[in-house]
Amino acid sequence: MDINSYNSAKQAALKRYFSRMNDMQQEAVFTVNGPVLVLAGAGSGKTTVIVNRIANMINFGNAYFDTSRQGNDDDTAFLKEYAEGRTDDFDTLRDIVAVDPIRPWNILAITFTNKAAGELKERLSAMLGEEALNIHASTFHSACVRILRSEIEALGYGRDFTIYDSDDSQRMIKNVMGELDVSEKQLAPKAVLSEISFAKDKMITPAELRADAGQDYRKKMISKLYALYQERMRAANAVDFDDILVLTVELFEKFPEVLEKYRNRFKYIMVDEYQDTNHVQFRLVSLLSGGHRNLCVVGDDDQSIYKFRGANIENILGFEEQFEGAKVIRLEQNYRSTQTILNAANSVISNNNGRKPKTLWTSGEQGDKVYWYKAVDETDEAKFVADTILASYKETGRYSDNAVLYRMNAQSNSIERMLVKCGIPYRVYGGMRFYDRKEIKDVTSYLSFINNHNDMLRFRRIINEPKRGIGDSTLTVIEDISRDLKISPFEVLKNCEEYAPLSKKVTALRSAYQMFEFLTEKSEELPLDEFLDVLLDKTGYLDSLKALENAETKIENVQELRTSMAQYMEQAEEPTLGGFLEEVALYTEADRDDGSDDKVTLMTIHSAKGLEYENIFVVGMDDGIFPSSRSFDSEDDMEEERRLACVAITRAKKRLYLTNASQRMIFGQTQRNVTSRFMREIGSELIEKHDNAAAMKKHLEENDKSVTEVRSATLQQQLARSKKASSAPKEAVTYTAGEKVSHSIFGEGIIVSVTPMSNDSMLEIAFDKVGTKKIMANYAKLKKL
DNA sequence: CGAAATGGCATTTTT
DNA sequence: TGCCATTTCG
């Protein structure tokens, strides 16, 4: 018996089983043990690799690289037959080669979005059938919530904790700021929240932030707010999105036996989109994989575009150092785009320094050159897009082949208008999420409060919605009592007669209590959807909606919530109110999108990641828009813009259209921008340049006229303004970095940088008291010192 | 308390 | 320019 021939026959047979994949992809699929980094370029079949790798783990285990198992001559003969395609007997193949096949429930596959998790589950089911149901495929957040639901008591929270979304967090921080008398003008709630979030990601506690602040007034204030915010969250038995991850890490770090339990449960871990992980996520993954080290991360450093929300590209760049002995597999063969498009992407991204060198290639055709349309203004740009789409529609009869991508949402406006004008159906991605609508948030707030009687924030939201005569002042009293006596708002209502300050409101409070008491009871007795009907009726909320404008839409939305509740009940093993609320908190609009009708898609480049279209239009290739002017003074930010460009380019399968405009109206102001530097970086040999000569000429002729018109308009405005202020029009003052200035609101500071912009310049000023701010020179009330 | 008016603000976004 | 959140007024 010849072991080598068994082994090589086995490898050949397995290669045939996974023959739909190229050699590099197979390498990733067969490598089951130890740390693995799969650098998967755009369109390189990343998801396919993940799905097949899991299939390999479950069916064959470490069969491919194993040398311990031996086979007899019959086995070898069978394997040869299989390899040559003379038999398809899968069961026998598995029996002969499998080595320690991995049980589905020992696999944890983590994605960033629910949509990705859903797709993964679907593809796994298609490939593996029933067994796939036992694979834990979910987002970081749902995986952690699941763990916290059974373990969080160790950290002093209750199991029925409520998840606060960003809107809730914002309300909470505003409340906290009000309590500490911090004006929202002095410190933007959004900024405070983002600093808290940043601190949480770094796992810095309020006390540590405080210690770190030293004499920095702003930092000290933020640490105070952070401390109170956490205190209130805990009292409400609520966690925010950051907490979900942070608390899980805390749990694992404080309780080794709990960590051990989950290490044993999740023996094999895969992380998708690893380039977008932040610090806590890295820590979490490190902890979980710490014992067995079976960690496979998949991602593309060239597509890391979420630095602004905490993604740390160093996680993927440093993987080999952090996980010693990691195997690195590069997937560079692209199955999506033409070679020309790939060359454009390669060419742009090669200007970045902080990256792992990769070159995308395809065995497919060269394809057409990149089409550059140099528009006169944003209307001309939109017209070009619409015309081109119409032309393609004539050929293919499909609108859905086309997507228009832009750097910022504000750019969609001009495109939308033109598409409407030309009768082209379209859909805009992003925007208001279903669960963010007021009526939906109100109803879920009712549900939340009934589910968690400590949830003060939700209680506040709905106690007087519809009006029950319980206004702000009464609420403040309730809140104080609840805090002082450490009891829930529900309890305060229950015992309202006992508290003197509430004596005038006893009737209203009593009836509110009875209502919530009744609903709480019903929530335990009735099926969820029936309970919702009772709630809508008993609270009078549905009736109150009827009186509003757009009542129909709002009622429809509430009905839709009922539908998703019914769906949840069908799909969940054990439907509970808490479970439903968890879904509401963790799931987003994108998960409900079907995308089935024939429409052009409009979206930001960020939301286009992972998608592909025959024809891609990237509009606004102006320096200042894309790349964003905010990235001009930081090389790191510019590199991220460049990665974004790479993402945009590689969305196109067949044709790529890039447009810029010599003049464009944005935020009510006309800007003149030079062509995006990325156009130059693509290289002229890949580009076919076009413009609208007639429009250009007309534009030039009109330009003198329009400029004078604009001037006279501004002059008039200035005159009007000066009349109001009864002072002479401002003289243009020039500023230079290093100058000391005084601002009417922010106080004294030093100019850090001066960026000239159209007719004005943007000053970055480090104020002594309020930190660094960006201000337009002409608008700032500045005095030179 | 609710509608109207003002004012400030404007990358990118998932959970 | 257009949206929103907050203020202001009746």
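Because only heavy atoms are used, hydrogens play no part in the values below, and waters and symmetry mates are left out as well, while side chains stay in. The sequence lines fix the lettering, A, B, ..., with proteins before strands; numbering per chain opens at 1.
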I want to verify a distance call: between B:dT14, B:dA10, C:dA5, whose nearest atom is closest to the A:T113 side chain? B:dT14
Does a nitrogen or oxygen in the side chain of A:N409 sit under 4.0 Å from OP1 or OP2 of B:dT12? yes
Report yes if the ring of A:F308 lies under 5.5 Å from the six-membered base ring of B:dT13 with planes under 30°, and no otherwise. no
On a heavy-atom basis, the closest approach of A:A410 and A:F667 is CB-CE2, 3.8 Å
Grab the CD-P distance between A:Q170 and B:dT13 for me, whole Å please. 16 Å
Is the shortest side-chain N/O distance from A:N114 to OP1 or OP2 of B:dT15 below 4.0 Å? yes
So which of A:R643, A:R355, A:K609 actually passes salt bridge (charged side-chain N to carboxylate O under 4.0 Å, His left out) with A:D302? A:R355
When the distance from CD1 of A:I163 to C1' of B:dT14 is rounded to whole Å, what number comes out? 14 Å
B:dG2 - base-pair partner by Watson-Crick or wobble geometry, distances under 3.5 Å: C:dC9
Between B:dT14 and C:dC3, how far apart are the C1' atoms? Round to whole Å, please. 23 Å
Could you say whether A:N464 or A:F140 is positioned toward the 5' end of DNA chain B, judged by the nucleotide with the nearest heavy atom to each? A:N464
Roughly how many Å is it from CD in A:E273 to C1' in B:dT15, rounded to a whole number? 14 Å
Side chain of A:R417 (C-beta onward), nearest among C:dG2, B:dT12, C:dT6: C:dG2
Pair A:K438 + A:E465, salt bridge at N-O below 4.0 Å: yes
Relative to the 5' end of DNA chain B, which residue comes earlier, A:K467 or A:E641, by the nucleotide with the nearest heavy atom? A:K467
Using a cut-off of strictly less than 4.0 Å, decide whether A:S166 has a side-chain nitrogen or oxygen near OP1 or OP2 of B:dT14. no
Taking only side-chain nitrogens and oxygens of A:K174, does any of them come within less than 4.0 Å of OP1 or OP2 of C:dT6? yes
Whole angstroms only, please: what is the CE-C1' distance between A:M665 and C:dT1? 6 Å
Would you name the heavy atoms of A:V619 and A:Q411 that are closest together and state the gap between them? O-NE2, 3.5 Å
Interatomic distance, A:Q411 CD vs C:dT1 P [rounded to whole Å]: 18 Å
Side chain of A:L586 only, heavy atoms from C-beta on: which candidate in B:dT15, B:dT13, C:dT6 is closest? B:dT15
For the residue pair A:F140 and A:F112, does the interplanar ring angle fall in the parallel (under 30°), tilted (30 to 60°) or perpendicular (over 60°) class? perpendicular
